[in-house]
Every structure is written in structure tokens, then in C-alpha cells.
Amino acid sequence: GSIDARFRAVEKTSAMGDFQYSGMDGTTVPHSIGHTNYSVYVTPSQTTGGDLGDVYVERAKNGFTVYNSGGYTGGGRYQITH
């Protein structure tokens with residue numbers, strides 16, 4: 001297909017947004033994908049001051065939860081691809 005058609009297809013299979021890290025308590029981000037066959041990429045959107053630690057993402061069919069082992073509770077950004 002054309003490059004334009006390929007871009008439209010990618011737009012339908014990915015989503016991006018902002019969330020707040022909540023340390024070891026985790027932050028749940030809802031979505032409506034309906035299955036767990038997707039990838040989640042997360043990154044801080046501001047300086048963590050070295051407090052992010054290890055990051056773990058737990059996927060579910062209608063949301064995912066982001067945990068971090070450090071004390072960071074600031075902003076983050078996610079991208080889901082499926």
C-alpha cells in the first residue's frame with residue numbers, strides 16, 4: 001500500500017498518553033484493547049532525580065499497571081502497540 005495507508009494502519013494500532021508514576025503502589029492506565037497481546041513502552045516525562053529504580057509493567061486486557069521500585073512519583077508517558 002501507499003505510505004499514507006501504512007501510517008493510517010499504524011495509527012489504529014498504537015496509543016500514547018500521560019500518566020503519573022506511583023512507585024511500588026503502581027499506577028493503572030485503562031484502555032479498551034480487550035486482550036493482553038500488546039506491548040507497552042513507558043518513560044519518565046520529567047527528571048526523576050535518580051529515584052525511578054526498576055520499572056515493571058503488568059498487562060491486563062483492559063488496562064496495564066506500571067510499578068517502579070524507586071520513590072519517583074512524577075510524570076510519565078506511555079505508548080501501547082498492538
Side-chain angles (χ1 to χ4, degrees):
S2 70
I3 289 183
D4 196 41
R6 290 180 185 178
F7 279 131
R8 280 194 299 269
V10 169
E11 287 174 357
K12 291 180 185 176
T13 61
S14 67
M16 293 175 30
D18 296 311
F19 72 99
Q20 291 289 313
Y21 283 91
S22 295
M24 294 176 65
D25 292 335
T27 299
T28 299
V29 178
H31 61 66
S32 60
I33 294 174
H35 57 78
T36 60
N37 189 20
Y38 59 89
S39 297
V40 179
Y41 303 94
V42 295
T43 188
S45 58
Q46 60 193 62
T47 301
T48 67
D51 291 336
L52 185 60
D54 294 327
V55 175
Y56 175 74
V57 176
E58 185 175 87
R59 294 174 295 152
K61 66 180 186 175
N62 291 313
F64 62 89
T65 303
V66 180
Y67 301 93
N68 64 295
S69 64
Y72 180 65
T73 58
R77 186 126 176 98
Y78 69 87
Q79 179 177 17
I80 301 173
T81 56
H82 61 101

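- Applying the salt bridge (Lys or Arg N to Asp or Glu O under 4.0 Å) definition to pairs two or more places apart or across chains, none involves residues 19-40.
- A donor-acceptor contact closer than 3.5 angstrom is absent between the side chains of Ser14 and Thr81.
- The two atoms that bring Thr36 and Ala60 nearest to each other are CG2-C, 3.6 Å, heavy atoms only.
- Across all their heavy atoms, Ser45 and Gly76 have their closest contact at OG-N, 3.3 Å.
- Within the 4.5 Å cutoff, no side-chain heavy atoms of Tyr21 are placed close to those of Thr48.
- Under the 3.5 Å distance criterion, the side-chain polar atoms of Asn68 are left unmatched by any main-chain donor or acceptor of Gly53.
- With rounding to the nearest 0.5 angstrom, the CD atom of Gln79 is 11.5 Å from the OG1 atom of Thr43.
- For the atom pair CG of Asp54 and CE of Met24, the computed distance is 10.5 Å after rounding to the nearest 0.5 Å.
- Exactly one residue among Val29, Val57, Val66 makes a side-chain contact (heavy atoms from CB on, under 4.5 Å) with Val40. That residue is Val57.
- Summarising the geometry of Asn37 relative to His82, their closest heavy-atom pair is O-CB, 3.9 Å, with the distance given to 0.1 Å.
- When every heavy atom of Arg77 is checked against every heavy atom of Asp18, the shortest pair comes out as NH1-OD1, 3.0 Å.
- Between His31 and Lys61 the shortest heavy-atom distance is CE1-O, 3.2 Å.
- Between Tyr41 and Met16, the closest side-chain pair of non-hydrogen atoms is not below 4.5 Å.
- Remark: side-chain polar atoms of Thr27 are paired, donor with acceptor, to backbone N or O of Ser22 under 3.5 angstrom.
- Asn62 and Ile33 make their closest contact through OD1-N, 4.5 Å (heavy atoms, listed as atom of the first residue, atom of the second, distance).
- Sorted by first and then second residue, the ring-ring contact (aromatic ring centres under 6.0 Å, His included) pairs involving residues 44-71 (not counting sequence neighbours) are Phe64-Tyr78.
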